[in-house]
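Keep in mind that what you see is a predicted model, and the values were worked out from it rather than measured. Only this structure's heavy atoms are used, side chains among them; waters, hydrogens and symmetry mates stay out.
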Amino acid sequence: MGSVDHLPNATLPPFKIFIGYDSREDAAFEVCRHSLLKHSSIPLEISAIKQLDLRAAGLYWRDRGPTESTDFSFTRFLTPYLAGFQGWAMFVDCDFLYTADIADLITLLDDSYAVMCVHHDYAPTEATKMDGVVQTVYPRKNWSSMVLYNCAHPKNMILTPELVSSQSGAFLHRFMWLEDDEIGSVPFAWNFLAGHNVVDENDSSTFPKAIHYTSGGPWFEMYKDCKFADLWLMGLDEFTKEKLAEN
């Protein structure tokens, strides 16, 4: 069951987090990373999953398909491999803004599962998202946008560069290498879909801990007034000021 045993301490390395990177969303990546570090009470090791770097290293070689809306549509599934198939690690899309301590999520980790994520029931109605890319609808949509991987789980050993570079989107995004009971659930507040999930002022469990700007965030002109845009812009301002102070 979930416990503090997974929290980094003097004998454990920092918790590994991999953020999907797309050059069109560089600002989103930086704000996501900043928000994770800002709220975290534990040491984190945050890495960008960059498709160009993976291709250069010979770890990814599939041709880009018409339904791939970002550079990390498939490379996200290399997370267990990149973590050395050891311990737990998290993948998250770059269009997230964290408002709570990731340590609270890590206490929910349960070694009986191969992966854990929010089990969204989500069918977008818009035809496009982000900067005009086609919006696709499929079972378990957005489940793979924030995943906690039990990297050493035997079932996850299948997630090699060879498989990720060749398997279908359906196989990967629907977690078809796993049985249903091997996919653990975490509260939707950790992958709160802006414009879809709703806050109930009388229920604190509905308050977002990680806001996911799944259709597009304020770094795109057409989404500058989206839900929670003000919080993301505050995050961008904080990151920018800290960056300038460092220089």
Side-chain angles (χ1 to χ4, degrees), residues 2 17-20 22 25 27-29 31-36 38-40 67 69-70 72-73 76 90-110 113 115-149 173-175 180 183-236:
I17 296 177
F18 295 87
I19 303 176
D22 190 302
E25 299 186 271
F29 168 84
V31 172
C32 178
R33 181 179 183 276
H34 177 267
S35 67
L36 278 161
K38 172 186 174 181
H39 294 287
S40 184
T67 62
S69 59
T70 67
F72 49 87
S73 291
R76 70 184 68 219
M90 186 176 82
F91 170 84
V92 63
D93 285 4
C94 64
D95 54 354
F96 272 63
L97 177 75
Y98 282 81
T99 63
D101 190 344
I102 197 70
D104 295 339
L105 176 61
I106 295 171
T107 61
L108 303 179
L109 296 180
D110 185 334
Y113 296 115
V115 303
M116 299 182 73
C117 63
V118 176
H119 292 193
H120 284 297
D121 181 12
Y122 174 63
T125 56
E126 64 271 17
T128 61
K129 63 177 183 176
M130 292 169 51
D131 54 349
V133 298
V134 175
Q135 178 73 270
T136 55
V137 181
Y138 51 86
R140 295 180 174 174
K141 185 172 179 64
N142 267 318
W143 287 30
S144 63
S145 59
M146 191 283 293
V147 183
L148 294 153
Y149 284 95
H173 286 281
R174 300 179 197 176
F175 304 115
D180 289 353
I183 307 170
S185 177
V186 298
F188 78 91
W190 288 105
N191 189 345
F192 188 103
L193 304 179
H196 174 70
N197 291 128
V198 178
V199 174
D200 180 349
E201 295 295 339
N202 298 314
D203 183 357
S204 61
S205 70
T206 67
F207 296 177
K209 298 178 184 295
I211 301 168
H212 183 188
Y213 301 86
T214 181
S215 295
W219 53 96
F220 292 122
E221 177 64 25
M222 67 182 297
Y223 293 99
K224 64 181 181 180
D225 297 319
C226 68
K227 291 282 189 180
F228 303 107
D230 56 334
L231 294 182
W232 189 89
L233 291 169
M234 285 173 58
L236 177 63

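Under the side-chain contact (heavy atoms from CB on, under 4.5 Å) criterion, T206 pairs with F188, V199, D200, D203, sequence neighbours left out. Residues satisfying the side-chain contact (heavy atoms from CB on, under 4.5 Å) criterion with S40, sequence neighbours excluded, are I42, L44, D101, I102.
The shortest distance between side-chain heavy atoms of V92 and Y98 falls below 4.5 Å. The side-chain heavy atoms of I183 and W143, taken from C-beta on, include a pair separated by under 4.5 Å. Considering only heavy atoms from C-beta on, E201 comes within 4.5 Å of F207 through its side chain. Within the 4.5 Å cutoff, no side-chain heavy atoms of W232 are placed close to those of I211. Residues D104 and W190 meet the side-chain proximity criterion, which asks for heavy atoms closer than 4.5 Å. Residues V118 and N142 fail the side-chain proximity criterion, which asks for heavy atoms closer than 4.5 Å.
Scanning all heavy atoms of the two residues, the minimum distance from L105 to M146 falls at CD2-SD, 4.3 Å. Contact detail for E25 and D95: the closest heavy-atom pair is OE2-CB, 4.2 Å. Closest heavy-atom contact between C226 and G216: SG-O, 3.9 Å. Here the closest heavy-atom approach between residue G20 and residue F91 is recorded as N-CE1, 3.5 Å. When all heavy atoms of G217 and Y223 are compared, the closest pair comes out as O-CB, 3.3 Å. Heavy-atom minimum distance, L108 versus P187: CD1-CD, 3.7 Å.
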For S35 and R33: C-alpha separation, side-chain torsions, deciding distance, then whether side-chain contact (heavy atoms from CB on, under 4.5 Å) applies. CA-CA 6 Å; S35 67; R33 181 179 183 276; over 6 Å; no
Candidate pair H120 and N191, rule side-chain contact (heavy atoms from CB on, under 4.5 Å), full reasoning: CA-CA 9 Å; H120 284 297; N191 189 345; 3.4 Å; yes
Do T70 and R76 pass the side-chain contact (heavy atoms from CB on, under 4.5 Å) test, and can you show the C-alpha distance, the side-chain angles, and the key distance before you say yes or no? CA-CA 11 Å; T70 67; R76 70 184 68 219; 4.3 Å; yes
H212/N197 under side-chain contact (heavy atoms from CB on, under 4.5 Å): CA gap, chis, key distance, verdict: CA-CA 10 Å; H212 183 188; N197 291 128; over 6 Å; no
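For residues 222-233, every residue pair satisfying the salt bridge (charged side-chain N to carboxylate O under 4.0 Å, His left out) rule, not counting sequence neighbours, is listed here: E221-K224.
Distance check, rounded to the nearest 0.5 Å: OG1 of T214 to NZ of K141 gives 6.0 Å. Note that CG of L231 is 6.5 Å distant from CG of L97, once rounded to the nearest 0.5 Å. Residue Y113 holds its OH atom at 12.5 Å from CG of L148, rounded to the nearest 0.5 Å. Taken from NE2 in H34 to NE2 in H39, the straight-line distance is 8.5 Å, to the nearest 0.5 Å.
Y213 places a side-chain N or O within 3.5 Å of a backbone atom of F228 that can act as its donor or acceptor partner. With H173 contributing its side chain and S145 its backbone, the two residues share no donor-acceptor pair below 3.5 Å. A donor-acceptor pair is defined here as one N or O able to donate and one able to accept, closer than 3.5 Å; such a pair exists between the side chain of T99 and the backbone of P208.
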